[in-house]
Structures are given as structure tokens and as C-alpha cells.
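Quick caveat: nothing in here was measured; it's all calculated off a predicted structure. All values below were derived from every heavy atom in this structure, side-chain atoms included, with hydrogens, water molecules and symmetry-related copies excluded.
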Amino acid sequence: MINSLLLAGATTVGAATLTLDRAVATVAALVALAGAIAGGLALARSGAGGGPRRSFVAMAAGAVGTLAGILVLATADGGPGTGNGVVGGYAGVMFGLIAVVLGGLALLRSRRHA
């Protein structure tokens with residue numbers, strides 16, 4: 001009886017419905033993914049003497065994506081599929097951490113060659 005009352009009060013969100021939490025999580029994941037791509041490019045070209053700019057961009061985008069993903073996860077009321085952006089938040093955290101690591105490696109590599 002109690003379970004049916006709890007389920008009756010729960011709101012359902014369609015899979016294609018874009019909620020504010022999903023939008024924030026999607027932006028966080030995309031920013032972090034862009035940072036990971038920039039970090040990969042910076043690492044691939046770190047010996048070419050192009051400077052540490054790409055490394056800093058990758059690390060900044062990764063940090064922003066990670067922090068936004070953590071914020072989404074901290075404020076989520078439910079799990080995946082509830083409209084709270086949990087999946088996008090996890091993607092933002094993971095891509096962001098990858099971006100920070102790649103950017104840091106590229107920065108270390110470019111300073112070693114200089």
C-alpha cells in the first residue's frame with residue numbers, strides 16, 4: 001500500500017523530454033568532451049612547439065565540465081531516466097577528468113621539450 005502511494009506521487013518524464021537538469025548536464029558533457037578533444041590534440045602536437053595554449057584550454061574545459069557534472073549529480077533527486085541529468089552528469093565528470101589528464105600530460109610534455 002505504501003509503495004503504491006509513493007509511486008502515485010512520483011512524476012514521470014519522457015525519454016525525449018528536455019528538462020533543465022538534462023540541459024545543464026548535456027552542456028557539461030559537451031564542454032568536457034571538447035576539452036578531451038583539445039587535450040588529445042594538444043598531446044599529439046605537444047612536441048611541435050605550438051605552446052601550452054591547447055593544454056590550458058583542455059584543462060579549463062575539463063575542470064568546468066567536471067564541476068558542472070558534479071553539481072548536477074549532487075542536486076539530482078533520482079537515478080537515470082528520471083529527468084535529473086544523471087547520465088549527462090556522469091559523462092561530464094568522466095570526460096572532464098580525461099580532459100584534465102590529457103591537458104596536463106600535454107603541458108608537461110611541451111615544457112620538457114622547451
Side-chain angles (χ1 to χ4, degrees):
M1 172 109 176
I2 293 176
N3 285 340
S4 63
L5 290 175
L6 291 175
L7 290 177
T11 59
T12 58
V13 177
T17 304
L18 183 64
T19 62
L20 180 63
D21 292 332
R22 283 181 178 173
V24 171
T26 301
V27 169
L30 290 176
V31 167
L33 179 61
I37 291 170
L41 289 173
L43 189 59
R45 300 168 195 243
S46 61
R53 184 182 314 167
R54 280 193 185 120
S55 301
F56 287 126
V57 168
M59 292 190 319
V64 168
T66 300
L67 292 176
I70 289 172
L71 179 67
V72 167
L73 292 173
T75 60
D77 295 331
T82 59
N84 291 310
V86 174
V87 175
Y90 280 122
V93 170
M94 294 309 297
F95 286 141
L97 292 175
I98 291 169
V100 169
V101 168
L102 288 176
L105 288 173
L107 185 64
L108 287 174
R109 192 181 212 186
S110 68
R111 292 196 176 181
R112 192 172 3 161
H113 287 273

When every non-hydrogen atom of Ala42 is compared with those of Arg54, the smallest separation belongs to CB-CB, 3.5 Å
Connected to Tyr90, directly or through other members, by ILVMFWY side-chain contacts below 4.5 Å are Ile70, Leu73, Val86, Val93, Leu97
Of all heavy-atom pairs linking Ala99 and Ala58, the shortest is CB-O, 3.6 Å
In terms of heavy-atom contacts, Gly40 and Leu102 come closest through N-CD1, 3.8 Å
Distance col, row Asn84:CG vs Leu20:CG, nearest 0.5 angstrom, shows 10.5 Å
Between Val100 and Gly62 the two heavy atoms that sit nearest each other are CG2-C, 3.8 Å
Without placing hydrogens or testing angles, list every side-chain donor-acceptor pair under 3.5 Å for residues 22-36, not counting sequence neighbours.
unit_1, atom_1, unit_2, atom_2, d
Arg22, NH1, Gly14, O, 3.0
Arg22, NH1, Ala15, O, 3.4
Arg22, NH1, Thr17, O, 2.5
Thr26, OG1, Arg22, O, 2.7

